[in-house]
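Only one structure is covered here, and it is reproduced in the block below.
Basis for what follows: all heavy atoms, side chains included, without hydrogens, waters or symmetry-related copies. Because the structure is a prediction, the values reported are computed rather than measured. Quick note: residue numbers are just sequence positions, from 1.
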Amino acid sequence: MTIVDAGDEQVHVVETGRPGAAPPLLLTSGLGSAWFDWQPSVELLNAGHRVIAFDRPGLGLSPAGKAPPSLRREIRLLADLARWAGPPVVLLAHSMAGFHVEALARVHPELVAGMVLVDPSYERRLACPSFRIAAAATGATRAAGHLLNVTRAARLLGPLGRRIVMRFTSRRDEPVDGEVVRSVYGRGTVLGTVLAEELAYREMAADLEALRGRLPFPPIPLVVLTALGDASDPEDAQKWVEDHARLAAMSPRGEHVILPDTLHMVQLDRPDAVADAVARVLQEAA
């Protein structure tokens, strides 16, 4: 297990693939997810690339975070990891992590060679809150995690919650052994961090919206993958497509790919689509 100091935090990092291959691929997961959610995609990318997946503070096998989740913290964290990997990097981000990598590209464009957004989160016109719930609730979320550990309730509730989420977001089995899943989601620290990220979600979306008004998105190669397999309402599906088209249009070198029958965990169910997107970004970057 490798622990790296980044952004005044410590994070668990898994590095695979071809040593020294440039640009490195830096993978960041959605809300509450772990490094192994990228495993099927990593297996396709390993042959020709240096691949770095990590767990945000408190998630996966990373130690508990010192600071609560926030867009500012995630920018610092990603910037330090990119410098550690050897910039510029190609960023792959799933779901909520799309907020983080877009913000990094706007604040530190010199660190980013290209980007793949995997069914990314998108929120419209959220105003920055005057009161930060996530920061105010830090003590409560940490206490909840500690209580779940002490009572051993985390060992039951965490894996159960994971199974329920996966039932609606993926059509495949877990990418790693069940004991690995239980060792991660049976930790009270992880469950407390998931709650903290839930509380910080709208705050990060609003902060990103404000950042969009101040700093441009760089003209880097960008691919946005849209999963529609879990959109039962045609109007919701159309809105999701339009939102992701806006993200792809951030860059003049942006591309939008729609996956009609794929669920939210694209990197698990359609690793081929992720690998194809990386190939297009690297070809365009070259």
Side-chain angles (χ1 to χ4, degrees), residues 2 4-11 13-30 35 38 42 45 48-57 67 69-118 120-122 204-225 244 246-256 274 277-286:
T2 301
V4 172
D5 293 324
D8 298 322
E9 303 281 356
Q10 290 190 314
V11 293
V13 170
V14 177
E15 183 175 358
T16 57
R18 198 175 72 182
L25 309 182
L26 183 58
L27 283 51
T28 177
S29 303
W35 86 94
W38 289 98
V42 168
L45 296 168
H49 308 285
R50 180 180 171 216
V51 184
I52 301 164
F54 74 98
D55 296 318
R56 286 190 297 278
S70 70
L71 195 66
R72 182 174 297 179
R73 187 195 78 170
E74 309 314 331
I75 293 172
R76 291 198 306 266
L77 184 65
L78 281 169
D80 280 357
L81 285 172
R83 296 184 185 108
W84 172 81
V89 301
V90 171
L91 294 160
L92 282 71
H94 176 241
S95 196
M96 185 184 74
F99 294 160
H100 311 156
V101 298
E102 180 188 336
L104 177 73
R106 291 178 184 275
V107 175
H108 295 292
E110 74 282 359
L111 299 178
V112 184
M115 186 180 297
V116 177
L117 298 178
V118 182
S121 298
Y122 187 90
M204 287 192 279
D207 288 342
L208 178 58
E209 183 66 19
L211 190 63
R212 287 169 176 158
R214 299 196 305 269
L215 295 174
F217 189 83
I220 57 173
L222 165 68
V223 175
V224 180
L225 301 179
H244 283 184
R246 290 187 180 91
L247 289 176
M250 292 188 301
S251 171
R253 304 162 77 185
E255 180 181 352
H256 185 199
V274 174
V278 170
R280 287 197 290 274
V281 165
L282 291 175
Q283 182 179 19
E284 179 68 18

Item to check | Arg212 with Glu102: basic N within carboxylate O range, under 4.0 Å | outcome: yes
Checklist entry - Rounded to the nearest 0.5 Å, how far apart are CH2 of Trp84 and CG of Asp5? => result 11.5 Å
Item to check | Shortest non-hydrogen contact from Arg246 toward Tyr122 | outcome: CD-OH, 3.4 Å
Next on the checklist: Which heavy atom of Ser121 sits nearest to which heavy atom of Leu247, and what is that distance?
Outcome noted: O-CD1, 4.3 Å
Next on the checklist: Return the CZ to CG distance between Phe217 and Leu211, rounded to the nearest 0.5 Å.
Outcome noted: 11.5 Å
Checklist entry - Is a salt bridge present between Glu284 and Arg280, judged by a nitrogen-to-oxygen distance below 4.0 Å? => result no
Checklist entry - If you draw a 6.0 Å radius around CD in Glu110, do more than 12 non-hydrogen atoms from other residues or ligands fall strictly inside? => result yes
Checklist entry - Given the rule in the side-chain contact (heavy atoms from CB on, under 4.5 Å) test, do Val51 and Leu27 qualify, once you have shown the distances and angles that lead to the verdict? => result CA-CA 8 Å; Val51 184; Leu27 283 51; 3.9 Å; yes
Checklist entry - Between His100 and Met204, does a side-chain contact (heavy atoms from CB on, under 4.5 Å) hold up when you go through it step by step? => result CA-CA 8 Å; His100 311 156; Met204 287 192 279; 3.4 Å; yes
Checklist entry - Looking only at atom types and distance, does a side-chain atom of Arg56 sit under 3.5 Å from a main-chain N or O of Ala97, one as donor and one as acceptor? => result no
Next on the checklist: Return the CG to CD1 distance between Asp80 and Ile75, rounded to the nearest 0.5 Å.
Outcome noted: 12.0 Å
Item to check | Short side-chain to backbone donor-acceptor contact, His244 and Pro120, under 3.5 Å | outcome: yes
Item to check | Candidate pair Leu92 and Leu45, rule side-chain contact (heavy atoms from CB on, under 4.5 Å), full reasoning | outcome: CA-CA 12 Å; Leu92 282 71; Leu45 296 168; 4.2 Å; yes
Checklist entry - How many angstroms lie between atom CG of Leu91 and atom OG1 of Thr28, to the nearest 0.5 angstrom? => result 8.5 Å
Checklist entry - Do Pro23 and Leu282 come within less than 4.5 Å of each other through their side chains, counting heavy atoms only? => result yes
Checklist entry - Should Ile52 and Leu81 be marked as a side-chain contact (heavy atoms from CB on, under 4.5 Å) after you check the CA-CA gap, both sets of side-chain angles, and the distance that decides it? => result CA-CA 9 Å; Ile52 301 164; Leu81 285 172; 6.0 Å; no
Item to check | Heavy-atom closest pair, residues Pro88 and Pro24 | outcome: O-CD, 3.7 Å
Next on the checklist: For a quick test of reading the model, state the closest non-hydrogen atom pair linking Pro87 to Leu111 and the distance between them.
Outcome noted: CB-CD2, 3.8 Å
Checklist entry - What's the spacing between Arg76 CZ and Leu104 CG if we round to 0.5 Å? => result 12.5 Å
Item to check | Glu9 side chain vs Ala67 backbone, donor-acceptor pair below 3.5 Å | outcome: yes
Checklist entry - Which heavy atom in Met115 sits nearest to a heavy atom in Val90, and how many Å separate them? => result N-CG1, 4.4 Å
Item to check | Heavy-atom closest pair, residues Ile220 and Arg253 | outcome: O-CB, 3.7 Å
Checklist entry - With a 4.5 Å heavy-atom cut-off, do Trp38 and Val118 have their side chains touching? => result yes
Checklist entry - Can you tell me how far CD of Gln10 sits from CG of Asp55, rounded to the nearest 0.5 angstrom? => result 13.5 Å
